[in-house]
Amino acid sequence: MKRVLVTGAAGFLGSHLCDRFIKEGCHVIGMDNLITGNMDNLSHLMPLPEFEFHHHDVTKYVHIPGQLDYIMHFASPASPIDYLKIPIQTLKVGAMGTHNLLGVAKAKKARILVASTSEVYGDPLVHPQTEDYWGNVNPIGPRGVYDEAKRYMEAITMAYHTFHGVETRIVRIFNTYGPRMRLNDGRALPTFFRQAMEGEDITVFGDGSQTRSFCYVDDLVEGIYRLLLSDCHMPVNIGNPVEITIKQLAEEVLQMTASSSKVIYKDLPKDDPKVRQPNITKAKEILNWSPKFDRAKGMALTYEYFKEKIAKGLVDPVGYEMEQTTVRKPASTTMTMSKTTVVSPPSSNNGHFSGSTKTQGISDTLNVDQLLAKFTPNRPSNAKGSLSHKQVKFLYEQVLAKKPKVAAELGVASGVSSAIILYGLQTLKKHKLGSANTQLHSFDIMQKCYWSDDLDVGYVVNLMIPEEAQNYILHIPYTSVDLGKFHLPNSIDFLFIDANHRHPWPSIDLLCALPYLTPDALVCLHDINLPLMNNNFTTYGVQCLFNAVELEKFISTEDIPNIGSIQLDGNHKKLESTLIDLIKNKKWEANVDPKTKQHLLDVFGLDI
């Protein structure tokens, strides 16, 4: 099965490309920082085992474990209203983001297709535009941040092709429309539809004589797919050559919507192109491609989509403020999703503390000490202090006991606990005792290993069990209020909480995770009894949480037991009440960010 990375996956074009590659039988890794993307565009794909979603900013280091065959780089603001409000991010994703992804393509020997634009032609002096036209762009004008970002993208892509031999493809996309466009993105067609449907005046800039050529999204995706599989490394125009004036477009929207809105005229923005029409001779000859949808059919389908959105009261989110949102530790982010399941709980000990859970007969057939003896030498020497052997064994046996289908980890990106959990999952799969599709979703709050600033977070997993790296899904930055974006309710049956020691964070983490835990989920906690070293660092929050929860518990057998687990009994409401009281009544040791406070108020009625 081909593995494909699609950046900008939650956007208009990116989401349609994800659909196409799923249809073609590929495993798709969607990546988006959601600054202009919308998770609703991917909601239908999230339950599929052949789809992953990574919440990540490609201008930061991009790590994709395992094989990678194709990269589709579509991450970028694409509307004037976007790139005028977030100009720096627009430049960075075209430059730094492209550079990072070309590096991934080089390392993975993957073919990469980058999404350029007709905007590289600027306000063209040649009409229609052919691929050999160099353009008429104002590099310091308001649109220059987008135009020049894309021109740089093309230049560095060609450099990687000629210097490093990377297989590259460049598509120059002309105006495209269709379902999943944002009604509020500022482009002419969705703006006209929104204004007409809401009874507002339709605003046309200039006298409306400027032209555009609109291609329906299905046609565009077909052209892009053919270009990816072709042998052409030079830029290719993909668009519909049928030209229309903006005034004529407004009139067609008014007719289709039967709206009583009036057309009003405003000043033409600076550097707005007067004409735009692709010459698609190259696409016809090389790709045997030309658009099939006429505008009437495509606009009717788009209108139906917009009507459904408005009828449901759906608002298109725009995350311009996301970089200013205060979370515990801002960093890059990666996220994904898996299917739901419920499995059996581990054995009971009548609510008392014990040395370790019994592994339901697994210990009778598997020698845990022998298995760990093979595993332990692979641990990096400077990671010895992170988990003692008894803690490693305890966590490993919890995984064996639970046989989780969906495992998740909240904590510091040391990688050691992740490797232990993955090793347990691998053991279960090798002995046909667990699911072959189990993955570990690691929601971490650090971008580097805490025991070495030189190592990325995936290092330990790759070093200790490289064959399981593809099942290690890393999420950075992490905040527990976002779990619902990436997991279905009642889907996580094994949760490991590490770090975030200070009250009230451990309790908040478990409270926010509750809706996504199965009724009999097992929750492991690290540092439940770490001695207080000084007034600047404590584990008060973990101790409070572990001791306050009146459920079946297990702890390790150290002199100072420092890792334990809680077996949920299905009474999530009672546990929710306990956690809310705990958050309310205990002395705080750490601040809580506004986003989390708002989530606690909206979901749990907890005002902190």
Side-chain angles (χ1 to χ4, degrees), residues 8-19 30 32 34-47 53 74 77-86 175-205 208 212 214-221 240 244-266 293-322 484-485 598 602-603:
F12 166 46
L13 295 181
S15 62
H16 283 283
L17 283 167
C18 290
D19 287 345
D32 204 303
L34 302 180
I35 194 168
T36 60
N38 186 349
M39 286 301 295
D40 288 343
N41 292 336
L42 298 174
S43 60
H44 62 294
L45 298 179
M46 295 299 274
F53 178 66
F74 279 70
S79 164
I81 198 173
D82 290 336
Y83 49 75
L84 293 178
K85 288 184 177 180
I86 45 175
N175 295 80
T176 307
Y177 69 100
R180 300 181 197 161
M181 293 192 85
R182 292 189 350 246
L183 277 164
N184 63 355
D185 84 346
R187 282 179 277 195
L189 192 143
T191 299
F192 290 172
F193 267 118
R194 180 186 60 78
Q195 291 171 333
M197 294 165 72
E198 295 180 355
E200 300 177 8
D201 290 335
I202 290 184
T203 52
V204 170
F205 294 103
R212 297 293 184 268
F214 292 95
C215 182
Y216 187 66
V217 63
D218 287 4
D219 281 335
L220 186 87
V221 168
N240 192 321
I244 180 177
T245 68
I246 294 299
K247 181 180 179 181
Q248 183 183 350
L249 178 68
E251 292 169 348
E252 289 186 3
V253 169
L254 284 174
Q255 182 179 3
M256 179 168 287
T257 58
S259 173
S260 59
S261 297
K262 307 297 183 184
V263 177
I264 62 173
Y265 297 88
K266 294 187 176 183
F293 279 75
D294 62 47
R295 192 168 60 252
K297 180 180 179 182
M299 286 182 62
L301 292 169
T302 306
Y303 179 38
E304 289 302 315
Y305 171 78
F306 287 151
K307 282 197 296 185
E308 184 179 353
K309 281 183 72 73
I310 290 178
K312 291 181 178 179
L314 297 177
V315 178
D316 294 311
V318 178
Y320 297 138
E321 281 67 47
M322 66 176 294
K485 293 182 179 179
Q598 190 62 49
D602 293 343
V603 177

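Residue numbers count from 1 along this sequence.
Considering all non-hydrogen atoms of both residues, Asn41 and Ala10 come closest at ND2-O, 2.8 Å. The two residues Phe193 and Met256 have their closest heavy-atom pair at CZ-SD, 4.0 Å. Between Asp219 and Phe293, the shortest heavy-atom distance links the atoms OD2-N, 2.8 Å. Between Val217 and Gly178, the closest heavy-atom pair is CG1-CA, 4.2 Å. When all heavy atoms are compared, the tightest approach of Gly186 to Thr191 is C-OG1, 3.4 Å. A pairwise comparison of heavy atoms in Ile35 and Asp32 identifies N-OD1, 4.2 Å as the closest pair.
Checked by atom type and distance alone, the side chain of Asp201 never pairs as donor or acceptor with a backbone atom of Val263 at under 3.5 Å. At distances below 3.5 Å, at least one donor-acceptor pair connects side-chain atoms of Ser261 with backbone N or O atoms of Glu200. With hydrogens and angles disregarded, a donor-acceptor distance shorter than 3.5 Å links the side chain of His16 to the backbone of Pro179.
Using a 4.5 Å cut-off on side-chain heavy atoms (C-beta onward), Leu249 and Arg212 make no contact. Proximity of Ile264 to Ile202: side-chain heavy atoms (C-beta onward) are nowhere separated by under 4.5 Å. Contact of the Asp185 side chain with the Met181 side chain is registered, since non-hydrogen atoms from C-beta on lie closer than 4.5 Å. Leu220 places a side-chain heavy atom less than 4.5 Å from the side chain of Leu13. Inter-residue side-chain proximity for Tyr303 and Val253 is flagged as unmet; no heavy-atom pair is nearer than 4.5 Å. Inter-residue side-chain proximity for Glu251 and Lys247 is flagged as met; some heavy-atom pair is nearer than 4.5 Å. In this structure, Arg182 and Phe12 have side chains that are not in contact, with every pair of non-hydrogen atoms separated by 4.5 Å or more. Under the 4.5 Å side-chain criterion, counting only non-hydrogen atoms from C-beta, Tyr216 is in contact with Thr302.
Heavy-atom neighbours of Lys297 NZ from other residues, nucleotides or ligands within 6.0 Å: at or below the threshold of 12.
To the nearest 0.5 Å, atom NE2 of residue His44 and atom OG of residue Ser15 are 7.0 Å apart.
For the pair Lys307 and Tyr305, the NZ or CZ position fails the cation-pi test of under 6.0 Å to the six-membered ring centre and within 45 degrees of the ring normal.
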